[in-house]
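Heads up, the thing below is written out as structure tokens.
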Amino acid sequence: MEKLDFLPQEKVIWGRQVLSDAMESLGRYGIEKPIVFSVEPLNGIRRASVEPYVMDAVGEFLDLPPHVPDFAVRLGLQACEASGARSIIALGGGSVLDAAKAVSHFHQVKHGSFLPVVALPTTLSGSEFSHYFGVTETLSSVKFKRSYAVRDTAPKLVVIDPELVRGTPRALLLSSAIKGIDHAVEGMRLVGADHPHAILAASGVRRFLDVLNRWPAEIATEEALDADIISLDDLLQLQLAAWQSYFFPASVVYGLSHRIGHILGGTFGVPHSLTSCITLAPVISACAAFYGEKLRIFNDAASGVEAATLLSGDVQTTVKRLGLPSRLREVAFDRGSLSNVRDLLIENYPKEVADLGEDAEQKLASLLEELW
């Protein structure tokens, strides 16, 4: 039996030069007295395109480190309480968006009501469309990124405008696109090839690869725009690809690439967007038998095994051509910590490890060595 679950996300606005108008109209969507969650590198766009158009904003909270540490969530909640905020505008990438969702959740735990979230995403991972978020627990001897799925934290309003991503650092922007492809592929884990996720995910991956395969090597996004190598429409296509790849997050459960990424990021500090650049292609190959024929939707291959091989190769080729890291040693990860990664995966994500098939724990050890 297939099923389709929906989230309480009320509106998505997309297009060029829609950001300022959307900010002026927040009251129309029931957004009142918002606090802006963001980070200092985004001060320029926050001050130019967000704050001047939000008349009843009550302040900002900018102390949001990567991987959403629990202490930042506590401080964010305190900032909301002190300012009297009734909603959150989240301007940033996955960590900022996850922090906003986490604060909304813990506001409900403490006060009985969620804080509506407005998402202004500056990366391509797609967190703005989901109810998933992770919080890194820092008080124990080993840090661990705890995953949550809370339906009412899904952003009430999402605004997609290429102006939001044109200033994102090149490596962050492009690696988050690979994270978006990861959502498309691993979203197939427990759904069939005729599921709506599958149909949109296939379109999203094609859209991603079409733009990424034309992306210039090395130069920054702004330089590429100035030289007419890429366009704002290309950036918008990447944003729409991220949406298609993550269109039905309440209906899918993600797999081993995501879980390895959570451990690498939350426990060992590997930048979250880079983890899929390292994990996705090898995991596709390692779990080909588990996915069976379903991966054919991405390339119309003759068999599931061939589809996995082609898809893994496409991802690996794209990662390398863009100059992104494809091995853990390229991000200075200590090879001696692989056994710790293995143990945390077996302890916390046994179902995803089982996707490797017979002798899964031994295959996991071999896979992690391949990632290094």
Side-chain angles (χ1 to χ4, degrees), residues 39 63-74 92-99 102 123 125 127 132-148 169 171-183 186 254-284 286-287 315-316 319-320 323-353 355-356 360-372:
V39 290
D63 189 11
L64 293 169
H67 306 301
V68 198
D70 47 15
F71 59 81
V73 174
R74 289 193 294 271
S95 290
V96 172
L97 295 170
D98 273 17
T123 61
S125 62
S127 177
Y132 293 119
F133 58 93
V135 177
T136 300
E137 299 168 348
T138 64
L139 297 179
S140 62
S141 58
V142 177
K143 291 191 293 184
F144 181 75
K145 192 168 187 178
R146 184 76 57 190
S147 296
Y148 294 79
L172 175 58
L173 180 69
L174 298 179
S175 61
S176 70
I178 305 302
K179 179 68 69 178
I181 295 173
D182 202 341
H183 286 139
E186 291 212 321
Y254 298 103
L256 191 56
S257 177
H258 277 76
R259 299 315 187 188
I260 296 172
H262 287 168
I263 301 297
L264 293 176
T267 303
F268 296 96
V270 177
H272 183 61
S273 64
L274 294 182
T275 58
S276 290
C277 298
I278 296 167
T279 61
L280 179 56
V283 167
I284 291 172
C287 295
V315 172
Q316 188 78 351
V319 167
K320 290 185 176 180
L324 300 169
S326 60
R327 292 291 182 266
L328 286 171
R329 59 178 173 269
E330 297 174 40
V331 295
F333 186 86
D334 180 10
R335 188 177 186 180
S337 297
L338 291 177
S339 60
N340 301 106
V341 176
R342 175 180 176 272
D343 291 343
L344 286 168
L345 287 165
I346 292 170
E347 177 184 355
N348 293 283
Y349 303 118
K351 292 181 180 179
E352 291 84 347
V353 171
D355 292 356
L356 292 167
E361 293 186 9
Q362 181 56 49
K363 289 180 179 177
L364 177 62
S366 299
L367 173 62
L368 292 173
E369 283 289 343
E370 180 184 353
L371 298 185
W372 192 84

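This chain uses plain numbering: 1 for the first residue, then up along the sequence. Everything quoted here is computed from the prediction, not taken from an experiment. Excluded from the calculations below are hydrogen atoms, water molecules and symmetry mates; all remaining heavy atoms, backbone and side chain alike, are included.
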_Which label fits Y148 and F133: parallel for a plane angle under 30°, tilted from 30 to 60°, or perpendicular past 60°?_
parallel
* For the residue pair H258 and H262, does the interplanar ring angle fall in the parallel (under 30°), tilted (30 to 60°) or perpendicular (over 60°) class? -> perpendicular
Ring pair (Phe, Tyr, Trp, His ring centres under 6.0 Å) with [X]: which residues, sequence neighbours excluded?
X: H67; answer: none
X: F333; answer: F268
X: F144; answer: none

Might you work through the side-chain contact (heavy atoms from CB on, under 4.5 Å) test for I263 and Y349, ending with a clear yes or no?
-> CA-CA 10 Å; I263 301 297; Y349 303 118; 4.1 Å; yes
Contact check, side chains of [X] and [Y], non-hydrogen atoms, under 4.5 Å:
X: L328; Y: L338; result: yes
X: T136; Y: D70; result: no
X: P271; Y: V331; result: no

- [ ] Kindly determine whether T279 and L264 satisfy side-chain contact (heavy atoms from CB on, under 4.5 Å), including the steps that lead there.
- [x] CA-CA 10 Å; T279 61; L264 293 176; 4.1 Å; yes
Between [atom1] on residue [X] and [atom2] on residue [Y], distance to nearest 0.5 Å:
X: K320; Y: L324; atom1: NZ; atom2: CG; value: 12.0 Å
X: L371; Y: I278; atom1: CG; atom2: CD1; value: 8.0 Å
X: L256; Y: I284; atom1: CG; atom2: CD1; value: 11.5 Å
X: D98; Y: Y132; atom1: CG; atom2: OH; value: 12.5 Å
X: E352; Y: Y254; atom1: CD; atom2: OH; value: 13.0 Å

Work out which heavy atom in [X] is nearest to a heavy atom in [Y]; give both atom names and the distance.
X: P65; Y: A72; answer: CD-CB, 3.7 Å
X: P282; Y: E370; answer: CB-OE2, 3.8 Å
X: L64; Y: A99; answer: CD2-CB, 3.7 Å
X: P325; Y: V319; answer: O-CG1, 3.7 Å

Let me check something: any side-chain donor-acceptor pairs from residues 173-180 under 3.5 Å, sequence neighbours excluded? List them with distances.
unit_1	atom_1	unit_2	atom_2	d
S175	OG	A171	O	2.6
S175	OG	L172	O	3.2
S175	OG	S273	OG	2.7
S176	OG	L124	N	2.9
S176	OG	L172	O	3.2
S176	OG	L173	O	2.7
K179	NZ	H272	O	3.4
K179	NZ	T275	OG1	2.9
K179	NZ	S276	OG	3.0

Check: Is the backbone N or O of S257 less than 3.5 Å from a side-chain atom of E186, with the two atoms forming a donor-acceptor pair by type?
Finding: yes
Residues 136-147 vs salt bridge (Lys or Arg N to Asp or Glu O under 4.0 Å), sequence neighbours excluded, gives E137-R146
Here the side-chain hydrogen bond (donor to acceptor under 3.5 Å, both in side chains) pairs for residues 327-344, sequence neighbours left out, are S326-E330, R335-E369
